[in-house]
Number of protein chains: 2
Amino acid sequence: MDRSKKSSQRRRANVNIHDVARRARVSIATVSRVVNRIPSVDPELAKRVWKAVDDVGYVPNTQARALVSGRSRILGLIVSEITNPFFPELVQEFENLAVAQGYEVMIGSTNYNTERTESLIRRMLQRSVDGVAVMTFGIEEELVHTLVDHGFPLVFVDAGPELPNVRVLKVNYGDGIREAVQHLAALGHRQIAFISGPLQMRTAAIRRDAFRNAMAELGLTVPATSMVEGKHTMESGKAAMEQLMKTPAPPTAVVCSNDMTAIGVLHALDETTHQVPKDISVVGFDDIHLAQFMLPPLTTVQMSCRDLATAAVEALRAGIESDHPKFVQREWPIQTRLVVRRSTDFPRGSLPAQSKVAAKGAARPATSAK
Amino acid sequence: MDRSKKSSQRRRANVNIHDVARRARVSIATVSRVVNRIPSVDPELAKRVWKAVDDVGYVPNTQARALVSGRSRILGLIVSEITNPFFPELVQEFENLAVAQGYEVMIGSTNYNTERTESLIRRMLQRSVDGVAVMTFGIEEELVHTLVDHGFPLVFVDAGPELPNVRVLKVNYGDGIREAVQHLAALGHRQIAFISGPLQMRTAAIRRDAFRNAMAELGLTVPATSMVEGKHTMESGKAAMEQLMKTPAPPTAVVCSNDMTAIGVLHALDETTHQVPKDISVVGFDDIHLAQFMLPPLTTVQMSCRDLATAAVEALRAGIESDHPKFVQREWPIQTRLVVRRSTDFPRGSLPAQSKVAAKGAARPATSAK
DNA sequence: TAGAAACTGGTAAGCGTTTCCCGACTCTTC
DNA sequence: GAAGAGTCGGGAAACGCTTACCAGTTTCTA
């Protein structure tokens, strides 16, 4: 009863700019100008056009728009794996910001798979995205090359090629990790171990170095057996912790390169008689949503998704919309900070009970657990 | 050195079909036919064209294609909240399947927010998606209306309007929940409580009814105090469990309407002296990834993301590509089944130790914990 | 009051495809 | 050897929009 209107074949275009023009008794050029808010149109006329738009229910066709303007108003977002809880949060923020700026976002996960990644890039090319944010936290060389060749604005995390259209989100791992180490040291820990991510992943190496430096600053040494390489997964975290417990002088605290690793550590300890935090303190990194849901809720270094997303979208927009893309800053700083929850405490028997409260207060910075 | 080629203004189109045509010394029509694998082209000629395509690095422009063909080859996917761990898994599967069929997917989350949802639908309309899967597990009436009016293929979960272009994924909650109840009953539980989702959410009501029926089948009664309404969140699960423990005869087992609720229950119990599963057994629903990472790993009713995604994509494709969309089946069944992990066990002291093993074997169906 | 400047709004040329229609060519067949 | 059937491939018309260019009006200045 309603769809008989225009069913020449299968669904064809809805109403178009001509319908609006006819109804408002103006040319299509004027409609276009009104819709795009080009100020040279008489306000009265504009009002008439808007009314017509409303009356006929006109929605501009993005494909046509993109075709003629050369910009798709789509931003690509490449992450490692969408099922890793860190990323949905990032995606969400990114999407909100992009949409607020009139962009759509095309999401893809590499799953650490070259073939998949290549197809992903090809897809983005085909849809002619206006720019791509690569938030994989690991440089995958080929990916970089393919993308760079095509000349559209690019954003990487931590490091990226020295090219005019590339911006880099510089995460300040040092601050957060130093806070974590100092927090543990203030609680009385001296034997602090570190479970890193896969070291060929650049971000993993950077985090590890940040840990080493923070320890050195406090004059604490880290025996080789206290540095274990994991894979940023729960399983690897569990395995790493089991290995740490076998060493002659097991640590009283463990700092992990990401939260999933820390969760693995919690699991490993759950299978022993050790309790967290009474026997061993655990610190994660990322502050994924899940961290606060663990038992006990995880003390962790927060890397704000919102900050990351904001910087990424802004850097991309700057590259796309600026008249002088060359002069846009190349590096965008991102802060990290410790969030203290319940997985860290004094090492067993380290302090007399009555001084605990004071020390605790001192050792626990900004306890904003959410 | 390379980009001087064609930089009339800001980045303009790369190579186009004309370039290929020129190089292969054919018309653009032929190139189009070759690229679209229309069989009426002489194989030799086709080979020449493919070579030209390769030589000049031609990538068809999707916008133009979409403009003329009227199909964007984009599938819309609407979920409730991408940060709820259930959804990324669904998104991933959906995307894989869609891409395999040559579609791109446009994801959006409603966040239970009407305004946001409206803008989302407007965006999808603008990008002229070929179809939309609404996987929110809750009917939001306005959403439905807006979508339905536009006539493109639609997929809903559980229930949807009776319209020719609408397909419905019918989840068989009954089977999985019955398995869960029988599992608990077999272990010896009689006082089994249920924490539902928000009951105005259709899926929540269905799950609750499935629980009631399963209990009735076993001749077990459910006192009103053992049915608590939650909100499908961790916080609400925690609150509900606290309420349950205050009742005169607290349950020995709790079935939850989703996993997040169950996780909340775990948290509530963690703050008491009750242990899971020794004192209380807990069963979730969904089998989110996280479920197996809990302490203890959660026994839960699995609703397979892959099944859901597969059905959604297929139903959508059927609506889009079929010559006779009317004859495509309206209902697509989805199974559920129990996955037994470690959060369920005998009620304390219910069975003598020596018979445990046997009972356990009997009571634990298909223990495929991953 | 004439002429220039400032505004408005219309015409039409693409943007890169797909696809209809038709002509050219190759085979058959009588 | 010519006519009819069957292939193949090219020309050109959309698809819906933006925007350069231009023409008509109005307003301002000398």
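Just so it is clear: chains get the letters A, B, ... in the order the sequence lines come, proteins before strands, and each one is counted from 1.
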A.B. asks: Which listed nucleotide (D:dG9, C:dT17, D:dT18) is nearest to the side chain of B:N61?
C.D. replies: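 Output: C:dT17.
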A.B. asks: Base, sugar-phosphate, or nothing: which does B:H18 touch, judged by heavy atoms less than 4.0 Å apart?
C.D. replies: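 Base, at least one base heavy atom under 4.0 Å.
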A.B. asks: Considering residues at least two apart in sequence or located in another chain, which fulfil the ring-ring contact (aromatic ring centres under 6.0 Å, His included) criterion with B:F86?
C.D. replies: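 In terms of ring-ring contact (aromatic ring centres under 6.0 Å, His included), with neighbours along the sequence ignored, B:F86 is linked to B:F137.
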A.B. asks: Just compare C:dT18, C:dG14, C:dG9 and give me whichever is closest to any side-chain atom of A:V68.
C.D. replies: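 My answer, after comparing the listed nucleotides, is C:dG14.
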A.B. asks: With a 3.5 Å cut-off and no angle check, do the side chains of B:S72 and A:Q63 form a donor-acceptor pair?
C.D. replies: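 Their side chains do not contain a donor-acceptor pair, so the 3.5 Å distance test is not met.
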A.B. asks: Suppose we screen for side-chain hydrogen bond (donor to acceptor under 3.5 Å, both in side chains). Which residues come up paired with B:S32, at least two apart in sequence or across chains?
C.D. replies: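 Result, side-chain hydrogen bond (donor to acceptor under 3.5 Å, both in side chains) vs B:S32: B:N36.
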A.B. asks: Heavy atom of residues 41-55 of chain B under 4.0 Å from DNA chain D: which residues?
C.D. replies: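 Heavy-atom contacts with DNA chain D come from B:V41, B:D42, B:L45.
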A.B. asks: Please give, in whole Å, the distance from C:dT18 C1' to B:I38 CD1?
C.D. replies: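 One finds 8 Å between C1' of C:dT18 and CD1 of B:I38, rounded.
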A.B. asks: List for me each residue that meets salt bridge (Lys or Arg N to Asp or Glu O under 4.0 Å) alongside B:E89, sequence neighbours excluded, and say none if there are none.
C.D. replies: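 Not a single residue meets the salt bridge (Lys or Arg N to Asp or Glu O under 4.0 Å) criterion with B:E89.
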A.B. asks: With respect to the side chain of A:V26, which nucleotide from D:dC17, C:dG10, C:dT18 is positioned closest?
C.D. replies: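 For A:V26, the side-chain atoms sit closest to C:dG10.
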A.B. asks: Determine: side-chain N/O of B:T30 to OP1/OP2 of D:dG9, distance under 4.0 Å, yes or no.
C.D. replies: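 For D:dG9, OP1/OP2 do not have a side-chain N/O of B:T30 under 4.0 Å.
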A.B. asks: List the residues meeting side-chain hydrogen bond (donor to acceptor under 3.5 Å, both in side chains) with A:S119, not counting sequence neighbours, and say none if there are none.
C.D. replies: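 None.
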A.B. asks: With heavy atoms under 4.0 Å as the rule, sort A:S40 into base, sugar-phosphate or nothing.
C.D. replies: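 Sugar-phosphate: the residue A:S40, judged by heavy atoms under 4.0 Å, touches backbone atoms but no base.
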A.B. asks: side-chain hydrogen bond (donor to acceptor under 3.5 Å, both in side chains) with B:R65: which residues, sequence neighbours excluded?
C.D. replies: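 Expected list: none.
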A.B. asks: Under the salt bridge (Lys or Arg N to Asp or Glu O under 4.0 Å) test, which residues partner A:E44, sequence neighbours left out?
C.D. replies: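 Salt bridge (Lys or Arg N to Asp or Glu O under 4.0 Å) list for A:E44, sorted by chain: A:K47.
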A.B. asks: Who are the salt bridge (Lys or Arg N to Asp or Glu O under 4.0 Å) partners of A:E314, not counting sequence neighbours?
C.D. replies: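 A:E314: salt bridge (Lys or Arg N to Asp or Glu O under 4.0 Å) contacts with A:R317.
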A.B. asks: Can you tabulate the close N/O pairs, meaning under 3.5 Å, that link protein atoms to atoms of nucleotides 20-24 of chain C?
C.D. replies:
none

A.B. asks: Once side-chain hydrogen bond (donor to acceptor under 3.5 Å, both in side chains) is applied, do any residues pair with B:E104, and if so which ones, sequence neighbours excluded?
C.D. replies: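 By the side-chain hydrogen bond (donor to acceptor under 3.5 Å, both in side chains) rule, B:E104 matches A:R123.
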A.B. asks: For B:R73 and C:dT18, give me the distance from atom CZ to atom C1', rounded to whole Å.
C.D. replies: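 Roughly 14 Å, once rounded to whole Å.
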A.B. asks: Give the angle between the helix axes at the two ends of the helix from C:dT1-D:dA30 to C:dC30-D:dG1, taking five base pairs at each end and rounding to 10°.
C.D. replies: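 Both end axes considered, the difference amounts to 50°.
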A.B. asks: Nearest 0.5 Å, please: how far is CZ in A:R25 from OG1 in A:T30?
C.D. replies: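 Output value for this atom pair is 13.5 Å.
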A.B. asks: Among all residues two or more places apart in sequence or in another chain, which pass the salt bridge (Lys or Arg N to Asp or Glu O under 4.0 Å) test with B:R127?
C.D. replies: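 Result, salt bridge (Lys or Arg N to Asp or Glu O under 4.0 Å) vs B:R127: none returned.
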